Protein chains: 2
Amino acid sequence: MSGSAPAPTQQLAALADDTRWAILELLGSRARSASELAVELPVSRQAIAKHLAVLEAAGLVESAREGRSVRHRAIGASLSALADRLDAIGRQWESRLERVARMAEERAASERS
Amino acid sequence: MSGSAPAPTQQLAALADDTRWAILELLGSRARSASELAVELPVSRQAIAKHLAVLEAAGLVESAREGRSVRHRAIGASLSALADRLDAIGRQWESRLERVARMAEERAASERS
DNA sequence: TTGACCTGCAACCAGCCGATTGCAGGAGGA
DNA sequence: TCCTCCTGCAATCGGCTGGTTGCAGGTCAA
């Protein structure tokens, strides 16, 4: 596997930005270079390069040099893996809180008797 | 349904903070008040109140007044719903990019013939 | 070799954000 | 009623972050 998986909060922080989502949507349909992205987005190439660095550090984008340009592509599997973790946590909250509610219910019932 | 669902980036931004995750983990095991949280976490009560406001605006926490205190609890279903959306997007990226790769493969094959 | 094109690094700036302190207000118990 | 406890609002502060401009380096084609 890839040496060290990025921390969840790092991935979430990377995803908490509209410009980065715009980049990801483009890279999710076709691999592109930073200059190509700069043409289609209303920010400078250097700003995009910074965003790409953040996304790559978060494991959401893969980059490969190709001649004199660098092709970037979105890694859908990373996003799905993060989604799996979030879903598991969400379900855990639900089950725990439901259990606490049930215990309170039972205690109230026993006190009524 | 709840009137207006928070934007995904809003939810993601809310989740992109370690202190808020610490709060969520506590609220995911048992509903608590802001003062209770302040005892268990190394930040001031007001900081926690701000975080709770962010989490509530993101639809990740539910609050209910109970006497002179306010009980907050994590909403696991919101997290799972967000996870579902992320997973769908991740799978979409994978299928699109795979399709692009296959088309390039076929074009190369036809050019070889 | 020279020029065009793309990337990468550095410095700089403005705005947002997490955190703190201080104070006002409201609900419950003695 | 009075005191206590908890919440809510405002002002303030330092640091992070998204964005820009400028410049240096490297690679391909003519």
Side-chain angles (χ1 to χ4, degrees), chain A residues 6-27 30-75 82, chain B residues 6-27 30-75 82 104 108:
Chain A
T9 56
Q10 187 183 0
Q11 294 187 303
L12 290 164
L15 293 172
D17 183 281
D18 289 321
T19 302
R20 282 197 281 271
W21 270 108
I23 293 174
L24 285 171
E25 283 181 24
L26 290 172
L27 297 185
R30 175 166 53 88
R32 291 160 214 249
S33 71
S35 299
E36 280 181 280
L37 290 169
V39 174
E40 309 193 41
L41 293 175
V43 291
S44 69
R45 178 186 62 82
Q46 286 81 353
I48 289 176
K50 281 194 193 177
H51 285 306
L52 285 172
V54 172
L55 291 169
E56 197 172 358
L60 293 164
V61 159
E62 212 174 35
S63 306
R65 179 140 234 143
E66 205 167 292
R68 60 180 157 183
S69 69
V70 180
R71 304 278 279 185
H72 307 274
R73 61 169 271 264
I75 307 178
L82 175 64
Chain B
T9 56
Q10 186 183 0
Q11 294 187 304
L12 290 163
L15 293 172
D17 184 281
D18 289 321
T19 302
R20 281 198 282 269
W21 270 109
I23 292 174
L24 285 172
E25 280 180 26
L26 290 171
L27 296 186
R30 175 166 53 87
R32 290 161 215 249
S33 70
S35 298
E36 280 181 279
L37 289 170
V39 174
E40 309 191 43
L41 293 174
V43 291
S44 67
R45 179 186 61 82
Q46 286 79 353
I48 289 176
K50 281 193 194 179
H51 285 306
L52 286 172
V54 171
L55 291 169
E56 197 172 358
L60 293 165
V61 159
E62 214 174 33
S63 306
R65 179 139 235 143
E66 206 167 289
R68 61 180 158 183
S69 69
V70 179
R71 303 279 278 186
H72 307 274
R73 61 168 272 263
I75 307 178
L82 175 63

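Each chain gets a letter, A, B and so on, in the order its sequence line appears, and its residues count up from 1. Model, not experiment: these values are computed from the prediction.
A:Ala49 comes within 4.0 angstrom of no nucleic acid atom, judged by non-hydrogen atoms across all strands.
Annotation: side chain of B:Leu52 is in contact with side chain of B:Leu37 (closest heavy-atom distance under 4.5 Å). The side-chain heavy atoms of B:Leu26 and B:Leu41, taken from C-beta on, include a pair separated by under 4.5 Å. Side-chain contact between B:Ile23 and B:Val61: absent, with no pair of heavy atoms (C-beta onward) separated by less than 4.5 Å. Looking at A:Val54 and A:Asp17, their side chains never come closer than 4.5 Å, going by heavy atoms from C-beta outward. At a threshold of 4.5 Å between non-hydrogen side-chain atoms, the residues A:Leu15 and A:Arg20 do not count as touching.
Whole-Å rounding puts the B:Asp18 CG to C:dC17 C1' distance at 14 Å. Distance CD (A:Glu66) to P (C:dT7): 12 Å, rounded to an integer number of Å. Between A:Ile48 atom CD1 and D:dT21 atom P there is a gap of 13 Å when expressed in whole angstrom units. For B:Leu52 and D:dC9, the CG to C1' distance is 16 Å, given to the nearest whole Å. Between the CZ atom of A:Arg65 and the P atom of C:dT7 there is a distance of 8 Å, rounded to whole Å. Distance, A:Asp17 CG to C:dC17 P: 11 Å, rounded to whole Å. In this structure, the CG atom of B:Leu37 is 16 Å from the C1' atom of D:dG8, given to the nearest Å.
Minimum atom distance to the side chain of B:His51 is reached by C:dA19, of the listed D:dG8, C:dG18, C:dA19. When distances run from any side-chain atom of A:Arg68 to the nucleotides C:dC5, C:dA19, D:dC6, the shortest one goes to C:dC5.
In terms of phosphate contacts, B:Ser33 brings a side-chain nitrogen or oxygen within less than 4.0 Å of OP1 or OP2 of D:dT7. Applying the 4.0 Å criterion to OP1 and OP2 of D:dC5, one finds that B:Ser35 has every side-chain N and O outside that range. Under 4.0 angstrom from either OP1 or OP2 of C:dA19 there lies at least one side-chain N or O belonging to B:Thr19.
Annotation: of the two residues near DNA chain D, B:Val70 and A:Ala13, the 5′-most nearest-nucleotide partner is B:Val70.
In this structure, A:Arg71 contributes its side chain and A:Glu66 its backbone to no donor-acceptor pair below 3.5 Å.
A distance of 10.5 Å separates CZ of A:Arg68 from OG of A:Ser35, quoted to the nearest 0.5 Å.
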Dump the pairs, protein N or O against N or O of nucleotides 20-22 of chain C, anything under 3.5 Å, distances to one decimal.
{"from": "C:dT20", "atom 1": "OP2", "to": "B:Ser44", "atom 2": "N", "distance (Å)": "2.7"}
{"from": "C:dT20", "atom 1": "OP2", "to": "B:Ser44", "atom 2": "OG", "distance (Å)": "2.7"}
{"from": "C:dG22", "atom 1": "O6", "to": "B:Gln46", "atom 2": "NE2", "distance (Å)": "3.3"}

